[in-house]
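Since the structure comes first, as structure tokens, the remarks are kept for the end.
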Amino acid sequence: MKTEKTDFIPLDYDYFDFEGRNYIKIIGRNSQGKRLCVIDSCEVYLWAILKDSLEKDRISKLIEKIKKIKLNIKGRQTKVENVELYDKNFLGKPVKALKIFATNYKDLHDIADKLGLPEIEMRRGYDLGFATHYIMEKKIIPLNWYEISGEVLDHSEEFGKIGMHLDVDMCIKLLEKKEIADSDKKISFEPKVLAYDIETDEIKIGEGEILMVSLASQNFKKVITWKKPKTFSGKNIDYVEYVKNEAELLDKFVEYVRKMSPDFLVGYFSDGFDLPYLRARAEKLKVPLTIGLDESQPRFFRGGIGRGLGPAKISGIVHIDLLKFIQTAYSQYMQSETLSLNEVASEFLNDSKKNFKPKFSSKTHDHNWEDYYEYNLHDSVLTLRLFEKMWPDLLEFSRVMQEPIFDVSRNGMSSNVEDYIIHNLERFNEIPEKRPVHEEISGRRQMEKYEGAFVFEPVPGIYENIAVFDFTSSYGTTIVTYNLSKSTFLGNKKEKDSHSIVLEGKEVHFSKKPGFFPEMLKEIIILRKKYKQELKNKEDAVTRARSNAFKLLANAAYGYQGFFGARYYCREAAAATAGFAKKMIKEVIEKINKATYKVIYSDTDSIAFLIQDKTESKTLEFLKKLNSQLPGIMELELEGFFKRGLWVTKRTGTIGAKKKYALLGKDGRLKIRGFETVRRDWCPLARETQNKIIKLVLEEGNEKRALVYLKEVIKKIKQRKIDKEDLIIKTMLQKPLSEYKNITPHVIAAKKMQEKELPITAGNLIEYYIAQPKDGEGKKLVRERVNLSDEKGEYDIDYYLNKQVLPAAENIFQVFNVNVNEIIEGKKQMKLGDF
DNA sequence: GTGCGTGCCCTACC
DNA sequence: ACCGGTAGGGCACGCAC
């Protein structure tokens, strides 16, 4: 037996069965850049939580009984291997629990079914998945460095000769491992990355042909294609490799992926397009897509209902669909309105290159293939650069959640919160709660909504010298401060020093004894603070990513407890979080007013107020004083001091509009919230006009120049001098077309697209404009005037004036008692009161 | 049939 | 498959005339 010692960083986890047992197969690298496969196993078990006050004798008998359980599952014989008694916690309460060992993880379900015994209260811990169970058991955490030693299997017959059939530098059976402390500081890891992108002549999966595939890696760029131009322009296209036909293209793709042998194969929407397309064409043309390290083909998992295709896994190579990760980790903080590769790349990479992808049409004969190659390659290059940019975040997400990158890159934030909890339960001696079953989920979904945040009704106007205070991680710190969670919820039973709040007319209580959920959240918030502080001293991409991961976790914890799919769902905890936070912010508003400031606005966790006769430093002192009076870990911070601020009325009536304001910072920066300016379902013309008006009004302190500007815009509209692209309205299709009850303009636009055989699915951004009806057409409804963005036609002057630009400008001028309708002719329906 | 008010659907934002 | 609050466009529908 040959043994080896090496350092090792795990990247991908998979498992297989051999002689009835489960083995984990970890693919990773060592610091020499060698690719390793590590085979290991771990104990497999589930928990049976015993009923209270069972006598010792009865427990012993029960253990003997369970030990005798034998199963015959589809001809496979298996049995309970051992049973041990432990003192554990479940939802914070001490319990006696049996640890029931089995041979194979897949049998746990069937064993649990056999445990419907009177002595057993609950069965838990058999729905985690083997990889998660393994990581919990052996603490071999993704993307951490380990010193390992094991038996070399490269020429071994063991495990069905796995060592001989796997394209790795070394395959070993793990014997010992030790974590290398602070390893990320000592050993850096630079992954081998290959980005890819395909071009096809038909967008529906597999229904057209793949025309070309591009590949991009650090020092490698390639376009494989079977489409040649008739004449060459002389442009340098030496990255292009020609093949005979589509089948050869697929062969070449496989060949290059195998040759490059990347750690990560990265695409953009590749779970939903590129990889399934490649599979469909490979099946059709009978070309095996053997890109796995064991020469297996990609495996496709089922997607959820209405959410398209599921993830696509390649054995030994981590397949990443960057779009998924961007959606969960970045999109809420991004400016981009669509998550198209070009827009996202231009935001993250400052790639200003205008990237018009040439539209392929099978009817076009003299196609400019050379341009097409270039665009195809560019998409892979962008994907590669985006991956490099996001790599620190992927790395830290994986380390913090302790789940493989393949999973964390696809999970939503609720799964991330849950993974973090699951992998930290052992410190609390906690048995994991089960995932809710179908009936529980539907029951939870039918629950009434609970009362949420407080929003202050502003008095419309323009204000000067404004300060804004924010609660840092408001809901997170509330959960920690008041110990709000499923395991600390007492219902209507009071305890000594318990936290009480009235929800829906009933008083409920939460224990004072810290629960594991708030405790974990407290650690998360403290760690976030620590890394943020470290960042202030020294900027570092990995620290930034870590800080960001903890911030996102802290922010998602509240939503998690109110989420119907959560293991640790607790509607009362979620409702109490909103309730306590609401009480707290109202108290602070009172205090600010008592200190002779004047609060003008507040929403959820922020308060804007006039500093009046006071100085900024005095206001900061006041902030300190406020903080000293806040309970627990709750904390207020200064968001900023602002020169001016604007609040407007609602469209209907004279009361102030909530969630709509604009602030001009001392540094000249504008902070605009809620206005049409920031809404993508308004046309760029209306948005830009409003933005300019807000800017002028805030900078000048009056409306005069803004009015001049507005008049110019109106003139241009009437003279049809506005570009079509400034009139496009973008609206997201939120569900399948057939489910719409109201036929709105964007539904009509989507139907038009469908008629053109463009595949329309939920999540598509529908782009359209409103066209001028011809005389006598009598098209009254907006939806009767919808044109697709590339459809020819004149724009509807009346619509863009009276339904877009003027409504966006109107209530800003109203603040200055200027009625734009009186001043500007062209608003057709003048009301009697206007004369 | 047209005009108008109201309720509800729907999206996107905080 | 993260929560609730809010604005506001637009359609559906009932009613008056």
Side-chain angles (χ1 to χ4, degrees), chain A residues 303-307 327-328 332 337 410-418 435-436 441-442 444-445 447-458 470 474-476 479 552-566 568-571 573-579 581-582 601-606 648-653 655-661 671-683 686 729-735 739-748 762 765-766 770 778 780-786 799 802-804 807-808 810-811 829:
Chain A
I305 299 141
R307 280 183 297 119
Q327 276 169 342
T328 48
Q332 71 174 123
E337 273 157 29
R410 289 172 172 79
N411 283 343
M413 278 315 289
S414 75
S415 303
N416 287 331
V417 172
E418 196 153 280
R435 222 180 262 134
I441 293 178
S442 45
R444 292 172 181 185
R445 294 184 79 160
M447 294 296 279
E448 289 274 314
K449 286 193 165 187
Y450 58 83
E451 206 177 295
F454 167 68
V455 188
F456 190 102
E457 189 192 303
D470 267 3
S474 164
Y475 283 151
I479 291 170
L552 290 175
L553 267 183
N555 290 344
Y558 158 71
Y560 173 81
Q561 296 203 99
F563 168 51
F564 50 76
Y568 295 100
Y569 170 80
C570 183
R571 184 179 176 274
T577 307
K582 195 174 193 167
Y601 187 63
S602 167
D603 182 354
T604 314
D605 58 357
S606 69
V648 297
T649 65
K650 290 207 276 182
R651 201 82 82 214
T652 49
I655 63 166
K658 297 172 175 181
K659 296 184 186 285
K660 243 182 149 174
Y661 63 89
K671 184 178 175 179
I672 301 180
R673 292 289 119 99
F675 273 108
E676 287 74 8
T677 301
V678 299
R679 291 181 63 98
R680 69 164 173 222
D681 58 350
W682 282 70
C683 72
I729 297 162
K730 296 176 182 174
T731 313
M732 177 88 79
L733 200 69
Q734 299 277 25
K735 53 191 177 187
E739 285 176 27
Y740 279 88
K741 286 184 187 145
N742 276 350
I743 309 305
T744 51
H746 83 291
V747 173
I748 291 290
L765 199 65
I766 310 296
I770 305 303
K780 253 181 50 187
L781 294 174
V782 179
R783 68 169 174 216
E784 292 168 331
R785 287 174 274 154
V786 169
Y799 178 83
N802 293 317
K803 296 287 179 186
Q804 291 276 330
E810 220 159 41
N811 33 25
Q829 292 99 359

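Sequence lines set the chain letters: A, B, ... in the order given, protein chains first and strands last, and positions in each chain run from 1.
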Euclidean distance, atom [atom1] of residue [X] to atom [atom2] of [N] [Å, nearest integer]:
X      : N      : atom1 : atom2 : value
A:I672 : B:dC14 : CD1   : P     : 11 Å
A:R445 : C:dC2  : CZ    : C1'   : 12 Å
A:I441 : C:dA1  : CD1   : P     : 11 Å
A:K582 : B:dC14 : NZ    : P     : 20 Å
A:E418 : C:dA1  : CD    : P     : 12 Å
A:N802 : C:dG10 : CG    : P     : 12 Å
A:N742 : C:dG8  : CG    : C1'   : 14 Å
A:F456 : C:dT6  : CZ    : P     : 14 Å

So what does [X] touch, heavy atoms closer than 4.0 Å: a base, only the sugar-phosphate, or nothing?
X      : result
A:Q561 : nothing
A:V678 : sugar-phosphate
A:Y475 : nothing
A:Y799 : sugar-phosphate
A:A578 : nothing
A:G674 : sugar-phosphate
A:R673 : sugar-phosphate
A:G452 : sugar-phosphate
A:Y450 : sugar-phosphate

Quick check on [N]: is either OP1 or OP2 less than 4.0 Å from any side-chain nitrogen or oxygen of [X]?
X      : N      : result
A:K658 : C:dT6  : yes
A:R680 : B:dA12 : yes
A:R679 : B:dC10 : no
A:Q804 : C:dG9  : no

Closest-nucleotide 5' rank along DNA chain C - winner of A:M413 and A:V648:
A:M413
For A:N811 and A:Y558, find the nucleotide of DNA chain C closest to each by heavy atoms; which residue's nucleotide sits nearer the 5' end?
A:Y558
Of all the nucleotides listed ([options]), which has the minimum atom distance to the side chain of [X]?
X      : options                : result
A:D681 : B:dC9, C:dG10, B:dA12  : B:dA12
A:K659 : C:dC2, C:dG4, C:dC11   : C:dG4
A:Y740 : B:dC14, B:dA12, B:dC10 : B:dC10
A:M732 : C:dG9, B:dT11, C:dC2   : B:dT11
A:H746 : B:dC10, B:dC14, C:dG8  : B:dC10
A:K660 : C:dG8, C:dT6, C:dC11   : C:dG8
A:K650 : C:dA7, C:dA12, B:dC14  : C:dA7
A:K741 : B:dA12, B:dC10, C:dC11 : B:dC10
A:F563 : C:dC2, B:dC14, C:dA7   : C:dC2

Do you know which two heavy atoms are closest between A:I743 and A:R783, and how far apart they sit?
O-NH1, 3.0 Å
Counting only heavy atoms not in A:E451, do more than 12 fall under 6.0 Å of its CD?
no
Look at the aromatic rings of A:Y601 and A:Y661 and report parallel, tilted or perpendicular, splitting at 30° and 60°.
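Answer is tilted, since the angle falls between 30° and 60°.
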Presence of salt bridge, A:K659 and A:D603, under 4.0 angstrom:
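Counted as a salt bridge, because a side-chain N and a carboxylate O are separated by less than 4.0 Å.
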Evaluate side-chain contact (heavy atoms from CB on, under 4.5 Å) for A:Q561 paired with A:I479, printing each intermediate quantity in order.
CA-CA 10 Å; A:Q561 296 203 99; A:I479 291 170; 3.8 Å; yes
As an exercise, state the distance from CZ of A:F564 to OH of A:Y569, rounded to the nearest 0.5 Å.
9.5 Å
Short side-chain to backbone donor-acceptor contact, A:R673 and A:V678, under 3.5 Å:
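Checked: no pair found.
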